[in-house]
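One structure is given here, and the rest of the page talks about it.
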Amino acid sequence: MKKIIILAAMIFSGSIFSQDLNDYKYVIVPESYDILGKTNQYQLNALTKFLFEKQGFETIMKSEAWPEDLQKNPCLGVSPVLVEDSGLFVTKVAIQLQDCKGTVIYKTSEGRSKQKEFEAAYQESLRDAFQDLANLQYNYTPNSNIAGTAQVSKNNTTIQSEEKISISEEEVNENSTSEKPTDLEIPASNDLAVIKEKEKKLSPLENRHWTYDGAVFELKINNSNYALYQLNAPEPLALILRTEKPNEFLYRSLLNSGTATFVPGEGLRITYFDSETNQQKSLILQPKD
């Protein structure tokens with residue numbers, strides 16, 4: 001009987017709180033984690049944002065300008081906290097998601113890594129912990145108890161840090177207005193015709209090959225958006241997130257953020273802020289066929 005209880009605890013450890021996660025619209029990613037301290041140490045905070053977006057969550061860095069509904073009601077968001085239980089030879093990290101009151105509403109199983117280098121070990125264990133979130137099939141469904149709450153909380157402290165994580169001030173202002181990803185909700189049945197009509201107008205970007213500087217890339221559908229892969233690579237290089245305009249998108253890679261525009265006859269023009277040079281750069285992925 002004891003073995004059965006332990007096994008059941010292992011099975012449900014990554015989903016015991018998951019029934020509540022669909023109630024929350026935003027994931028508010030901090031600039032640093034308490035277990036490490038430094039801003040974006042080992043690029044874990046940027047990686048966290050990237051992995052949440054990959055799974056269809058609407059994410060925002062804590063220091064960014066918040067959307068209007070989140071400003072009015074911080075309880076629409078949850079914040080990730082990393083919990084570490086590493087040993088001498090194994091790095092073990094779990095992800096907690098806390099609501100505006102600091103209550104844990106979801107916790108993953110421990111992600112593990114035997115890598116010796118700290119950066120590789122933390123990144124691998126974080127990706128491993130994200131497997132639970134990948135299996136959730138998250139879909140935001142407004143909860144009147146949360147949507148109707150406008151309670152001041154610790155998440156409402158919008159700290160303006162001097163160092164932004166791979167994003168410029170101009171892009172923050174742009175992306176906080178109209179050019180943001182559409183909500184990834186399941187539409188009501190009477191809205192299906194409208195959604196289908198809108199999808200007809202979208203550029204057929206997926207399943208096409210693109211070239212840049214001699215390399216070949218492809219775009220695949222990812223949670224109603226697109227993921228950009230180098231040909232035959234297992235992990236995407238970036239996410240291409242839909243906006244209200246059919247040919248205009250948001251560009252999100254692990255290190256850079258910007259915009260992407262599909263220009264018929266030209267290709268996919270990507271404009272982003274290079275955090276290493278502090279300059280805006282642009283490149284064009286050209287259709288291969």
Side-chain angles (χ1 to χ4, degrees), residues 25-29 40 43-62 64 67 77-78 80 95 123 126-127 129-131 133-140 164-168 171-172 174-185 199 202-210 212 215-263 267-275 280-285:
K25 186 175 181 180
Y26 299 98
V27 176
I28 306 168
V29 182
N40 200 28
Q43 298 179 357
L44 282 192
N45 302 80
L47 179 59
T48 300
K49 187 174 190 295
F50 179 82
L51 292 174
F52 270 112
E53 288 180 344
K54 183 180 176 184
Q55 299 306 326
F57 291 82
E58 187 164 353
T59 67
I60 184 171
M61 298 305 299
K62 189 175 181 180
E64 290 185 44
V78 292
I95 305 166
Q123 289 190 4
L126 181 66
R127 287 180 180 274
F130 252 90
Q131 292 304 309
L133 288 159
N135 295 332
L136 279 183
Q137 297 183 332
Y138 162 82
N139 181 75
Y140 172 57
K164 301 290 184 185
I165 298 179
S166 305
I167 188 165
S168 69
E171 284 174 322
V172 169
E174 284 179 11
N175 296 343
S176 65
T177 55
S178 61
E179 292 190 8
K180 66 175 183 177
T182 54
D183 293 340
L184 304 180
E185 306 176 22
E199 289 180 345
L202 293 173
S203 303
L205 301 181
E206 71 275 13
N207 302 323
R208 296 181 63 178
H209 289 171
W210 308 77
Y212 175 75
V216 180
F217 303 88
E218 59 183 335
L219 284 168
K220 299 179 181 178
I221 285 288
N222 181 76
N223 291 311
S224 301
N225 292 290
Y226 299 109
L228 177 66
Y229 292 78
Q230 189 159 353
L231 191 62
N232 299 324
E235 288 284 338
L237 297 170
L239 300 178
I240 308 295
L241 308 176
R242 288 174 172 169
T243 68
E244 296 175 355
K245 301 177 182 179
N247 289 336
E248 297 183 16
F249 307 85
L250 296 178
Y251 173 82
R252 294 286 186 269
S253 73
L254 178 57
L255 297 177
N256 299 304
S257 298
T259 60
T261 304
F262 176 69
V263 182
L268 188 64
R269 181 188 299 143
I270 297 173
T271 303
Y272 65 95
F273 181 79
D274 190 326
S275 57
Q280 184 170 286
K281 294 187 176 181
S282 183
L283 59 89
I284 295 178
L285 298 179

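From a predicted model like this one, the values you see are computed outputs, not experimental measurements.
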Checking side chain to side chain contact (heavy atoms under 4.5 Å, CB included) for the pair Thr259/Glu248: CA distance, chi angles, key distance, verdict?
CA-CA 7 Å; Thr259 60; Glu248 297 183 16; over 6 Å; no

Taking atom CD of Glu64 and atom CD1 of Ile28, what is their separation to the nearest 0.5 Å?
11.0 Å

Determine whether Val29 and Lys62 make a side-chain contact, defined as any pair of heavy atoms from C-beta on separated by less than 4.5 Å.
no

Minimum heavy-atom distance between Ile60 and Pro67, given as atom pair plus value:
CD1-CD, 3.5 Å

Just wondering, do Ser253 and Tyr272 contact through their side chains at under 4.5 Å, heavy atoms?
no

Indicate the atoms forming the closest heavy-atom contact of Asn232 with Glu218, along with that distance.
N-OE2, 3.8 Å

Let me confirm one number: the CD-OH distance from Glu235 to Tyr229, rounded to the nearest 0.5 Å.
7.0 Å

State, to 0.1 Å, how close Tyr251 and Ala238 come at their nearest heavy-atom pair, and which atoms those are.
CE1-CB, 3.5 Å

Using the side chain to side chain contact (heavy atoms under 4.5 Å, CB included) rule, take Leu47 and Arg127 through it: C-alpha gap first, then chi angles, then the decisive distance, then the call.
CA-CA 9 Å; Leu47 179 59; Arg127 287 180 180 274; 3.5 Å; yes

Nearest-0.5 Å distance, CD of residue Gln43 to CG of residue Leu126:
12.0 Å

Nearest heavy-atom contact between Arg242 and Asn225 is N-OD1, 2.8 Å

Could you report the tightest heavy-atom contact between Thr271 and Ser282, atom names first, then the distance?
OG1-OG, 3.6 Å

Just checking Phe57 against Tyr138, ring centres under 6.0 Å apart?
yes

Residues which pass side-chain hydrogen bond (donor to acceptor under 3.5 Å, both in side chains) with Thr48, listed by chain and number, not counting sequence neighbours:
Tyr33

Can you sort out the partners of Gln137 under side-chain hydrogen bond (donor to acceptor under 3.5 Å, both in side chains), two or more places apart, ordered by chain and number?
none

What's the separation between atom CZ in Arg252 and atom CD1 in Ile240, rounded to the nearest 0.5 Å?
10.0 Å

From CG (Leu239) to OH (Tyr226), nearest 0.5 Å:
13.0 Å

Going through the distances and angles, do Leu219 and Leu268 end up as a side chain to side chain contact (heavy atoms under 4.5 Å, CB included)?
CA-CA 11 Å; Leu219 284 168; Leu268 188 64; 4.0 Å; yes

Start with the C-alpha gap between Leu241 and Phe249, add the side-chain angles, then the distance that decides, and say whether side chain to side chain contact (heavy atoms under 4.5 Å, CB included) holds.
CA-CA 5 Å; Leu241 308 176; Phe249 307 85; 5.8 Å; no

Minimum heavy-atom separation for His209 to Leu231, with atom names?
NE2-CD1, 3.6 Å

Would you say Thr59's side chain and Glu53's backbone share a donor-acceptor pair under 3.5 angstrom?
no

Are any of the side-chain heavy atoms of Leu228 and Trp210 separated by less than 4.5 Å?
no

CD on Glu58 to OH on Tyr140, rounded to 0.5 Å
9.5 Å

